[in-house]
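All residue numbers in this chain count up from 1 along the given sequence. Basis for what follows: all heavy atoms, side chains included, without hydrogens, waters or symmetry-related copies.
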Amino acid sequence: MDINGLPLHALVVHTAVVLGPVAALFGIAYAAVPRWRDWLRWPMAVLAVPAAAAVWVAFLSGEQLTEANQYGGPLAALVETHEERAAVFRVVVLAFAVVAVLAAALHRRVGATRWVLAVLLAGTGVATVVYAVLTGDAGAQVAWYGVQP
């Protein structure tokens with residue numbers, strides 16, 4: 001699928017690699033700085049859901065793009081690395097989004113529930129940032145393959 005001649009994948013990945021890390025950074029701050037929780041809970045949750053959706057659309061459109069093109073040689077290895085990282089990224093960002101919405105909904109909870117949610121939020125938040133960078137870097141290497149001077 002394309003929009004105005006550009007593959008959907010090339011357009012939606014920008015949403016995924018911006019919203020995912022921003023929401024994750026909000027989630028990490030929410031978990032780490034208790035006094036910011038009231039302020040961060042809804043922006044975190046509201047950004048996490050479309051971030052997860054964007055990553056899934058990017059993943060599915062990337063699959064479509066790969067099926068439509070034949071990649072060989074060193075480029076095929078770069079595409080495979082990108083696909084492997086994207087497969088992990090989509091699961092990680094979905095887990096983060098679920099935990100972010102739960103943390104926002106259970107915001108007033110105290111004790112073990114709050115601690116468990118904070119640990120899960122921080123962990124999935126860090127994983128979201130890491131896999132956004134790793135997946136984006138692998139995708140950029142595919143896009144720029146053969147363009148270097």
Side-chain angles (χ1 to χ4, degrees), residues 1-32 36-37 39-107 109 113-114 116-149:
M1 178 177 195
D2 66 329
I3 297 174
N4 201 25
L6 289 173
L8 176 62
H9 185 72
L11 299 170
V12 77
V13 295
H14 294 91
T15 303
V17 299
V18 170
L19 287 184
V22 169
L25 291 173
F26 281 5
I28 294 164
Y30 177 94
W36 292 357
R37 287 184 179 150
W39 183 80
L40 287 173
R41 74 176 166 149
W42 291 119
M44 167 192 66
V46 167
L47 288 175
V49 173
V55 170
W56 275 84
V57 171
F59 181 81
L60 295 172
S61 64
E63 290 285 314
Q64 220 174 30
L65 188 61
T66 300
E67 289 173 10
N69 294 287
Q70 298 290 29
Y71 299 107
L75 185 57
L78 292 173
V79 169
E80 185 176 332
T81 298
H82 180 57
E83 287 178 328
E84 288 169 358
R85 291 176 181 174
V88 175
F89 185 32
R90 69 184 170 136
V91 172
V92 166
V93 76
L94 181 61
F96 170 74
V98 168
V99 174
V101 170
L102 276 173
L106 301 174
H107 175 69
R109 297 285 178 134
T113 303
R114 177 171 279 197
V116 168
L117 286 172
V119 167
L120 289 173
L121 197 56
T124 57
V126 168
T128 294
V129 172
V130 167
Y131 271 93
V133 171
L134 291 175
T135 306
D137 177 66
Q141 289 191 32
V142 170
W144 289 99
Y145 177 77
V147 177
Q148 301 93 8

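- Taking each heavy atom of L117 and A103 in turn, the nearest pair found is CD1-CA, 4.0 Å.
- How far CD1 of I28 is from CG of L40: 11.5 Å, rounded to the nearest 0.5 Å.
- When side chains are defined from C-beta on, Q64 does not count as touching H9, because their heavy atoms never get closer than 4.5 Å.
- Between A54 and T15 the shortest heavy-atom distance is CB-CG2, 3.7 Å.
- Judged by distance alone, with hydrogens and angles left aside, the side-chain atoms of R109 form no donor-acceptor pair with the main-chain N or O of R114 at under 3.5 Å.
- A distance of 5.5 Å separates CE in M44 from OH in Y30, rounded to the nearest 0.5 Å.
- Nearest heavy atoms, F96 versus A48: CE2-CB, 3.7 Å.
- For the atom pair CZ (F89) and CG (L134), the distance works out to 10.0 Å, reported to the nearest 0.5 Å.
- Listed for the S61 side chain is a donor-acceptor partner under 3.5 Å among the backbone atoms of A58.
- Rounding to the nearest 0.5 Å gives a distance of 7.5 Å between CG of L60 and CZ of R90.
- Heavy-atom minimum distance, P7 versus L65: CB-CD1, 4.0 Å.
- Here the CG atom belonging to D137 is positioned 10.0 Å from the OG1 atom belonging to T81, to the nearest 0.5 angstrom.
- Residues W42 and H107 are not in side-chain contact: their nearest non-hydrogen atoms beyond the backbone lie 4.5 Å or more apart.
- From E80, atom CD reaches atom OG1 of T66 across 11.0 Å, with rounding to the nearest 0.5 Å.
- The nearest pair of heavy atoms linking R85 to Y131 is O-CD2, 3.8 Å.
- Across all their heavy atoms, A23 and L47 have their closest contact at CB-CB, 3.7 Å.
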